[in-house]
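Reviewing the structure listed below.
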Amino acid sequence: MHQSKRASNAQTFMNTFPAKNFQVFLERISLSTSERNAALKRAESVCQNLSSYPLVQDCFVTGSLARSTAIRKFSDVDIVAAIRNDPSISEDSSLAISAISDLLSRTYAEIQDFESAVRVTFPSELGIDVVPALPVRNNSSCYKYFKIPTVHRAWIDYSPEEQNQQIEQLTRKLGEGFKHAIRLTKWWSRTHGSPIPSYEIEEIASRTARKWKRIPPLAETLAAFLKEAARIEADKASDHHQNAAGEASLIAQEALELAARGDRSGSIERWRCLLGEQFPDVVF
């Protein structure tokens, strides 16, 4: 009897879950193959330019574009520029930012310095964030580790290979829906003031999905990622981060509950509140 009731509830959810709306929305926010290829070509050109300078030992594309989790309008192309270590630079990451900015300004017109990267802007195209990095010697991992700039002129450890491998392993295990849910979570964050950086969203998604044997429907997956983000952000000092992730998690849960009760229109309204007007309001 209980199994029959659970099966009935699951069928009701599948009938009322706005799957087509999510499909259309993903098409709107995902990069096309031609857009991705054009962005990669620009990034490779920037890498070649930087590699011509003695300061830069290695240069490669990483981040959401390399992992196919980039979104339209908001994603930038990430490049890691491994540089020669210097005692002064290792004590002050802003010096690495300044050094890379100086090299880029010799070729590119629109350069903007941030605490963690230097952005090269191209008209009507994806920007490129160049992240200076110091190779970490003698680390115990089988992956290459780097120190990259963070706030307060400090450095943090970063392993792009490990993150790439993690995303790809989970995608092979769970399917492309895993990356779809990451894109949705990134879109929510970028349209709400970026309370959670993209690389942290990928880490949250990986940590959440690692224990799954199969991926839930897309709406449930997004809600699970937001719930975990809210839990993590609640432990941090920033009230803005905590409120944004917590509120998003509540809205996602409301949307799921409305769908489970058969209220597809109400569920769509809550998803539009979370993801914005590009989420279709049509009941397919």
Side-chain angles (χ1 to χ4, degrees), residues 17-49 59-80 108-110 112 117 119-131 160-161 163-194 196-206 209 215 217-219 221-222 225-226 268 271-272 274-282 284:
F17 164 59
K20 180 67 174 177
N21 298 65
F22 273 92
Q23 179 184 338
V24 172
F25 182 65
L26 277 166
E27 290 171 358
R28 291 175 176 176
I29 69 171
S30 299
L31 294 176
S32 67
T33 301
S34 61
E35 288 173 323
R36 184 174 182 272
N37 289 342
L40 285 171
K41 188 174 181 179
R42 286 194 302 276
E44 289 167 1
S45 175
V46 173
C47 270
Q48 288 177 357
N49 178 274
C59 191
F60 56 90
V61 180
T62 185
S64 58
L65 193 74
R67 292 188 283 273
S68 299
T69 60
I71 53 175
R72 261 195 189 120
K73 184 179 177 182
F74 294 115
S75 286
D76 293 300
V77 185
D78 294 324
I79 288 176
V80 169
Y108 304 100
E110 295 190 40
Q112 189 175 7
R119 179 166 299 165
V120 185
T121 302
F122 299 91
S124 304
E125 296 176 342
L126 292 179
I128 294 177
D129 284 348
V130 181
V131 181
E161 287 182 3
Q163 195 156 359
N164 291 350
Q165 184 79 358
Q166 195 168 238
I167 295 292
E168 290 310 314
Q169 284 178 345
L170 285 167
T171 302
R172 285 195 296 271
K173 175 185 174 183
L174 301 171
E176 287 295 321
F178 175 64
K179 288 184 179 179
H180 294 337
I182 290 176
R183 289 192 198 108
L184 293 173
T185 311
K186 287 183 176 183
W187 183 270
W188 159 75
S189 180
R190 293 303 295 265
T191 55
H192 289 78
S194 298
I196 306 176
S198 289
Y199 72 90
E200 284 190 21
I201 287 173
E202 292 183 351
E203 290 177 354
I204 288 167
S206 298
I215 198 163
L218 190 53
T221 303
L222 173 58
F225 290 174
L226 290 172
I268 288 171
W271 288 122
R272 279 172 61 82
L274 187 70
L275 298 170
E277 294 183 356
Q278 287 203 58
F279 190 88
D281 59 357
V282 178
F284 291 101

Open item on the list: For the backbone of E27 and the side chain of S30, can you confirm whether one donor and one acceptor N or O come within less than 3.5 Å of each other?
Closed with: no
Task: CG-CZ distance between L126 and R36, expressed to the nearest 0.5 angstrom - done: 11.5 Å
Open item on the list: What's the separation between atom OG1 in T171 and atom CD in Q166, rounded to the nearest 0.5 Å?
Closed with: 10.5 Å
Open item on the list: With rounding to the nearest 0.5 angstrom, report the CG to CG distance, L65 to L31.
Closed with: 6.5 Å
- [ ] Return yes if some donor-acceptor pair links the side-chain N/O of Q163 with the main-chain N/O of Y199 below 3.5 Å, else return no.
- [x] yes
Open item on the list: With a 4.5 Å cut-off on side-chain heavy atoms, are P160 and F60 touching?
Closed with: yes
Task: Any Q278 side-chain heavy atom under 4.5 Å of W187 side chain - done: yes
Open item on the list: How close do L184 and L275 get, counting heavy atoms only, and between which atoms?
Closed with: O-CD2, 3.9 Å
Open item on the list: I'd like to know if the side chain of D78 reaches the main chain of T62, judged simply by a donor and an acceptor atom lying under 3.5 Å from each other, with no hydrogens or angles considered.
Closed with: no
Open item on the list: Taking the side chain as everything from C-beta on, heavy atoms only, tell me whether T221 gets closer than 4.5 Å to L174.
Closed with: no
Task: Heavy-atom pair with the smallest gap, counting every atom of G177 and I215 - done: C-CD1, 3.6 Å
Open item on the list: Taking side chain to side chain donor-acceptor pair (under 3.5 Å) as the definition, give me every residue that meets it alongside R28, ordered by chain and number, with sequence neighbours left out.
Closed with: none
Task: For I79 against A43, the heavy-atom pair lying closest together - done: CD1-O, 3.4 Å
Open item on the list: Restricting to non-hydrogen atoms, name the atom on S64 and the atom on K186 that form the minimum distance, rounded to 0.1 Å.
Closed with: CB-NZ, 3.1 Å
Open item on the list: I need the S32 OG to R72 CZ distance, nearest 0.5 Å.
Closed with: 5.5 Å
- [ ] Would you check, one step at a time, whether the test side-chain contact (heavy atoms from CB on, under 4.5 Å) holds for I204 with T185?
- [x] CA-CA 10 Å; I204 288 167; T185 311; over 6 Å; no
TODO: Measure the CD1-CZ distance between I71 and R190 for me, rounded to the nearest 0.5 Å.
DONE: 6.5 Å
Task: Minimum heavy-atom distance I201-S189, with the two atoms named - done: CD1-CB, 3.7 Å
- [ ] State, with a plain yes or no, whether a side-chain heavy atom of W188 is found less than 4.5 Å away from one of L222.
- [x] no
Task: Salt-bridge contact K179-E168 (side-chain N to carboxylate O under 4.0 Å) - done: yes
- [ ] Hey, could you give me the CD/CD distance between E44 and Q48, rounded to the nearest 0.5 Å?
- [x] 7.5 Å
Task: K73 atom NZ, neighbour heavy-atom count above 12 within 6.0 Å - done: no
- [ ] Report yes if the side chains of L274 and L226 come closer than 4.5 Å at any heavy-atom pair, otherwise no.
- [x] yes
Open item on the list: Side chains of Y108 and T121, heavy atoms from C-beta outward: is any pair under 4.5 Å?
Closed with: no
Open item on the list: Using every non-hydrogen atom in the two residues, find where I167 and S206 come nearest and quote the distance to one decimal.
Closed with: CD1-OG, 3.6 Å
Open item on the list: Which label fits W271 and F279: parallel for a plane angle under 30°, tilted from 30 to 60°, or perpendicular past 60°?
Closed with: tilted
- [ ] Report the residues that fulfil side chain to side chain donor-acceptor pair (under 3.5 Å) with N164, sequence neighbours left out, ordered by chain and then residue number.
- [x] R67
